[in-house]
Amino acid sequence: QVPLVESGGGLVQPGGSLRLSCTASGSMFTINGMGWYRQAPGKERELVAQIVVDGTTNYADSVKGRFTISRDNAKNTAYLQMNSLKPEDTAVYYCHAVGSYTNFRSFISWGQGTQVTVSS
């Protein structure tokens, strides 16, 4: 497992913005894709955004046009810029990463989660 450390959550009013960061630590691996899932109490985990090594991105329809995911491959870090936040965005956001070790064995890693609360 490759440890993922994420940060940037917090409390924000509707219409506000937050920026999440996720960094994969270590050196004996290659990251192929990174992104975020989110999960609210009693709800299923859902994919929010993802980005692969060539820069291709994918977003959930509910966040398209409001969220932007980016990646610094050299730093093994992904960023999720969240604008025009809505109460419906309230959830725990979990960073995820997919890649391979130097021995070509694949892995999937998850961050510890960060709480995003959108409330007036």
Side-chain angles (χ1 to χ4, degrees):
Q1 180 178 340
V2 174
L4 302 179
V5 179
E6 58 181 309
S7 62
L11 175 64
V12 65
Q13 294 184 341
S17 298
L18 288 172
R19 192 191 194 203
L20 306 184
S21 299
C22 178
T23 298
S25 63
S27 61
M28 305 298 287
F29 61 87
T30 298
I31 297 292
N32 296 325
M34 298 184 73
W36 273 267
Y37 286 74
R38 68 185 181 187
Q39 188 166 26
K43 302 293 184 179
E44 294 182 352
R45 183 185 299 172
E46 64 174 345
L47 177 66
V48 178
Q50 61 184 357
I51 185 168
V52 296
V53 68
D54 67 355
T56 302
T57 58
N58 186 45
Y59 299 93
D61 288 340
S62 60
V63 307
K64 209 163 190 175
R66 300 187 297 119
F67 291 10
T68 302
I69 189 168
S70 59
R71 178 179 173 183
D72 185 335
N73 291 330
K75 297 181 179 179
N76 288 326
T77 299
Y79 306 94
L80 184 65
Q81 180 67 45
M82 305 185 294
N83 298 326
S84 302
L85 283 162
K86 304 175 180 179
E88 303 90 271
D89 296 318
T90 297
V92 177
Y93 285 68
Y94 295 94
C95 180
H96 76 96
V98 179
S100 60
Y101 298 106
T102 54
N103 64 2
F104 307 109
R105 180 174 148 211
S106 63
F107 66 84
I108 300 174
S109 294
W110 293 91
Q112 79 279 8
T114 184
Q115 177 71 48
V116 172
T117 302
V118 185
S119 179
S120 60

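Side-chain contact between Y79 and I69 is absent, with no heavy-atom pair separated by less than 4.5 Å. A 4.5 Å side-chain heavy-atom check between V48 and H96 finds every atom pair outside the cut-off. Side-chain contact between V52 and N32: absent, with no pair of heavy atoms (C-beta onward) separated by less than 4.5 Å. You'll find the side chain of T57 stays beyond 4.5 Å of the side chain of Q50, heavy atoms only. For the pair T114/V92, no side-chain contact is recorded, criterion being any heavy-atom separation below 4.5 Å from C-beta on. Two residues are said to be in side-chain contact when any heavy atoms from C-beta on lie closer than 4.5 Å; P3 and S109 fail this criterion.
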Next item on the list: Any chance you could lay out the side chain to side chain contact (heavy atoms under 4.5 Å, CB included) test for Q115 and T90, step after step, and finish with the verdict?
Entry: CA-CA 8 Å; Q115 177 71 48; T90 297; 4.0 Å; yes
Margin query: Checking Y59 against T68 for the side chain to side chain contact (heavy atoms under 4.5 Å, CB included) test, could you report, in this order, the C-alpha distance in whole Å, the side-chain angles of both residues, the deciding distance, and whether it holds?
Written below: CA-CA 8 Å; Y59 299 93; T68 302; 3.9 Å; yes
Checklist line | From CA spacing to verdict: side chain to side chain contact (heavy atoms under 4.5 Å, CB included), F67, L85 | finding: CA-CA 9 Å; F67 291 10; L85 283 162; 3.8 Å; yes
Notebook entry, point to check: So E46 and R38, side chain to side chain contact (heavy atoms under 4.5 Å, CB included) or not? Walk me through it.
Noted result: CA-CA 6 Å; E46 64 174 345; R38 68 185 181 187; 2.7 Å; yes
Next item on the list: Check the pair E6 / W36 against side chain to side chain donor-acceptor pair (under 3.5 Å), numbers first and verdict last.
Entry: CA-CA 10 Å; E6 58 181 309; W36 273 267; 3.2 Å; yes
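For residues 36-75, there are no disulfide bond (SG atoms under 2.5 Å apart) pairs, not counting sequence neighbours. Legend: disulfide bond (SG atoms under 2.5 Å apart) pairs involving residues 78-110, not counting sequence neighbours, sorted by first then second residue: C22-C95. Note on residues 69-85: no pairs pass salt bridge (Lys or Arg N to Asp or Glu O under 4.0 Å), not counting sequence neighbours. Residue pairs meeting the disulfide bond (SG atoms under 2.5 Å apart) criterion with at least one partner in residues 50-91, sequence neighbours excluded, do not occur; the list is empty.
Grouping Ile, Leu, Val, Met, Phe, Trp and Tyr residues whose side-chain heavy atoms lie under 4.5 Å apart, directly or via other members, places I31 in a hydrophobic cluster with V2, F29, M34, Y101, F107. The hydrophobic side chain of L4 is isolated, with no ILVMFWY side chain under 4.5 Å apart from it.
Residue I108 places its CD1 atom among 12 or fewer non-hydrogen atoms of other residues, nucleotides or ligands, all under 6.0 Å distant.
The backbone N or O of L80 lies less than 3.5 Å from no partner atom in the side chain of Y93, so there is not a single donor-acceptor pair.
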